[in-house]
Structures are given as C-alpha cells and as structure tokens.
Number of protein chains: 2
Amino acid sequence: MRPRRADARRNYDQLVAAAATAFAREGADASLEEIARQAGVGSATLHRHFPSRQALLNAVFHGRVEALCQQADELAGSADPGPALTTWLRALGAYVASTRGLASSLVPSTDNECHRMIVRAGDGLVIRARAAGAVRPEVSIDDLLTLVTAISMAVEHNPGEGGTEAERLLGLAIDGIHPRAAA
Amino acid sequence: MRPRRADARRNYDQLVAAAATAFAREGADASLEEIARQAGVGSATLHRHFPSRQALLNAVFHGRVEALCQQADELAGSADPGPALTTWLRALGAYVASTRGLASSLVPSTDNECHRMIVRAGDGLVIRARAAGAVRPEVSIDDLLTLVTAISMAVEHNPGEGGTEAERLLGLAIDGIHPRAAA
DNA sequence: GCAGAAACGGGGCGGCCCCCCGTTTATCGT
DNA sequence: ACGATAAACGGGGGGCCGCCCCGTTTCTGC
C-alpha cells in the first residue's frame, strides 16, 4: 500500500498527517486541495496516492479502527456476551462521535477497508450475544453499525459538544425509549 | 412569502416544482444550477427567491411537514399517549425515509421553519407520553427527531430500497435491541 | 554514474455556488 | 390606453473545488 520510493513514502506520510488534522478540524469533507497544500505537495500527488476521498479516510483512520477491532476481539472472550456487545457498542459510539470524520469512514462502500474490518470484528460479538439470547435474532452488525454512524454523523456537525449527546442517543437506541431500563 | 408580481410567482412555483423532482431524484444536495435550468430561469433568480438551500428545501417540503404535524395533533387527542407517540414516530420515520431530501429539511438550523413545526407538533406527544410514564423522563422531542433523521439520512444514500431498513432500525431504537419486545 | 523507471506538480477543464448590474417586464395611477 | 417607476430577470464573472494530462524532475539498481 505504501509506496516503495523514498520521496513517495515521505509525501504519502505527509499527506496522511495533513489529512488527519484537516479531517479533525473540518470533518470528512475537508478540501483535498487544502490538504495537499498543507502537506507541501501538488494536488495531483494526492490523487495519485489516494484515488478517492474514501481511500484517504481509510489511511487516516486505519490505525484507530484496528484498535477498536482489537477491543472487540478481547471482549469476544468475555463470559457475558450480552454486556460484552453493549460495552463495545458504547465504546465504539463514544470514540466515533469524538473523532471527527471517522463516522464517514465506517459507512459501507466498495473500497472501504475500515468498514469491513469493523464488521468482521463486531460480527463475532453479535453472533455470541444472539446465541445467548441477549439481542433479538433479527439484529445484525450492519444494523448496529448503521445506528452508531448515523447518530455520530447527526451529532457531528451540530453545535459544539455533541459527544455526550451521542452517548445518550446511543443509549436510547440500545435500551429503547421506554422507562423499563435494562441498563 | 410568495412574490406579488405575476411573473415572479410563476418563476417561484416552477423553481419549487423543479426542486421537488431534483431532490427526489438526487437527494438534498442536488445542483441548484441544474434546478434553475430545469425551471427555465437564471440561477440568479433562484438565489433571489431562495437565499439558501435550506430555504428551497423548506418551500418544497412545507406542505408535507404540515401534514405530519396535523397527524401529530390528531394523535395528541388519543387516550393512550404512549402508543400515540410511537405510532407517530413510526409514521414520521416511514415517511421521511421514503421521501428523499426530507430528512435534510428537518435538521435544526437557524432558518429552518420545517424543523420548528415538527418540534412543536411532536413535543405535545412527548410531553403527554412522559406524563403517562411511557417514555423515560430524559427523552426529548429533539432526541427522537435526531434519531429519525439520522437513520433516514444513513439509509437514504445507501443502495436501493432502504425504506424497510429504516423502519426496522427505528423499531430497534424505540424498543431497544434486547429481546424483551414491548411491541 | 547512468539509464530508465517512478514520481512529481503546474496548469487546464468542467462544475458549482454566489452575486453584480445592465436590461426587461409587470403594475398602477391617470 | 399609456407612460413612469419599481420590481424582477439573467448573463456572465469570480472564487473554489475535484480531477487529470503530460512535460519535467528525482530516485534507484546495476
């Protein structure tokens, strides 16, 4: 994935770094030209290394997604599949909501490696939770991931501090809006 | 709101009509220039009548939002505030998910009349449901509206038929992901 | 050190949003 | 009926963007 020539590798890394700060500051639809400018390369170089915005998002967030997957794998060994799933979901939601642009990197798409990774990791938790009777049979990892990303994106470009709001909304979606809290 | 001069009224109406089909086909981020072109007017005319994209969205969806508000008012007279709220929420979700671009017209914003209308109508249902103990005290109409629009937007630009998917996801958010279905 | 491959980036193209301002058109009072 | 005036129109330009062509520069393996 990373280029072989030294100068190309350097540009690649500078682009990813510039993109990381740009996405953090302006969201996933930051200007690609500005990212190239900040990285000190021509825009053509950016497009050569990253044919699509999605590819750049993947490169930026690959590491963080890997960490989330690892957390899922650890929780998969838990004795209580139900709480394991909800714990992971809340952690995922909190992290995604607090990391601008990450949500856009988790929506399904043809060349979206991050999405595939998360699905693969989370599916294990969902299957175990389902087998334990802790979630409804028709609930899939895609459903849950869609909920998490949808909530994050909705809160993302809203006023100021949306992190706590995202957590509350995800809590509603997990336990339902009715009072019989199963917390 | 609608202009006084006859030619201006005609252009206004043609713009709204063209915008309706454009939003339906391409979503809320359809090209404004293309809408003006389809309406047979210059782009300046579009921007004079509708200073922002939001203003155009409002004009297009005002009628449908009004209908949803009326439905809420009718349900507010129901004897069972809990089911009244969930019934309205599902109807809202189904309608928003099946009407491309509508979701974008319901996100909070400074000049968003549609959002205010829906909030006002839905708040009555939420207050009554809360008083009846049918929803948790901390749940607000803003929370619910955010969930509905977030789910709709997430499903909206996904592959093909997302309507049923949106209904299922909203069902999850209302009743929770756990099996103790309160239908 | 050199040849060839690999990478670079200036600059052009088309599209978009937004707005200025000279021109056209509807309206209203007479 | 018609002319004056205000209202509305829209071509076209500016700025920004994503994308890509292709002549030039730079690295690397022998």
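All values reported here derive from a predicted model rather than from experimental measurement.
- Of the possible donor and acceptor atoms, none in the side chain of B:Thr99 sits under 3.5 Å from a partner among the backbone N and O of B:Val96.
- Note on ring orientation: taking the six-membered ring where Trp is involved, the planes of A:Phe23 and A:Phe61 are parallel (angle under 30°, cut-offs 30° and 60°).
- Between B:His47 and D:dG10, a side-chain N or O to OP1/OP2 separation shorter than 4.0 Å is absent.
- The side chain of A:Arg48 places no N or O atom within less than 4.0 Å of a non-bridging phosphate oxygen (OP1 or OP2) of D:dC20.
- Here C:dC8 presents its C1' atom at 12 Å from CZ of A:Arg10, a figure rounded to the nearest Å.
- A:Arg100 places a side-chain N or O within 3.5 Å of a backbone atom of A:Arg25 that can act as its donor or acceptor partner.
- The side chain of A:Thr45 lies closest to C:dC8, out of C:dC8, D:dA8, D:dC19.
- One finds a side-chain N or O of B:Asn11 lying less than 4.0 angstrom from the OP1 or OP2 phosphate oxygen of D:dC9.
- Taking atom CG on A:Leu56 and atom P on D:dC17, their separation rounds to 15 Å, with Å as the unit.
- The residue among B:Pro51 and B:Arg9 whose nearest nucleotide of DNA chain C lies closer to the 5′ end is B:Pro51.
- For the pair B:Asp7 CG and C:dA26 P, the interatomic distance rounds to 5 Å; values are reported in whole Å.
- Considering CG of B:Leu102 and CD1 of B:Ile118, their distance stands at 8.0 Å, rounded to 0.5 Å.
- Distance B:Phe50 CZ to D:dG10 P: 14 Å, rounded to the nearest Å.
- Across the protein-nucleic acid pair, B:Arg53 atom CZ and C:dC19 atom C1' stand 17 Å apart, rounded to whole Å.
- Closest to the B:Ala6 side chain, of the nucleotides C:dT27, C:dC8, D:dG10, is C:dT27.
- Between the base of D:dT28 and the side chain of A:Arg4 there is no donor-acceptor pair shorter than 3.5 Å.
- Under a 3.5 Å cut-off, the side chain of B:Asp143 and the backbone N or O of B:Ser140 do form a donor-acceptor pair.
- B:Ala44 comes within 4.0 angstrom of a base, heavy atoms only.
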CA sep, side-chain torsions, deciding dist, call: B:Leu92, B:Leu145, side-chain contact (heavy atoms from CB on, under 4.5 Å): CA-CA 9 Å; B:Leu92 176 66; B:Leu145 192 55; 4.1 Å; yes
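- If you take CG of B:Leu46 and C1' of D:dC9, they are 13 Å apart, rounded to a whole angstrom.
- Residues from residues 22-42 of chain A with heavy atoms under 4.0 angstrom of DNA chain C, sorted by number: A:Val41, A:Gly42.
- Linking ILVMFWY side-chain heavy atoms closer than 4.5 Å, directly or via other members, places A:Leu169 and A:Met153 in two distinct hydrophobic clusters.
- Between B:His49 and D:dC9 there is a side-chain polar atom (N or O) within less than 4.0 angstrom of OP1 or OP2.
- Side-chain to base pairing of A:Arg5 with D:dT28: no donor and acceptor N or O lie closer than 3.5 Å to each other.
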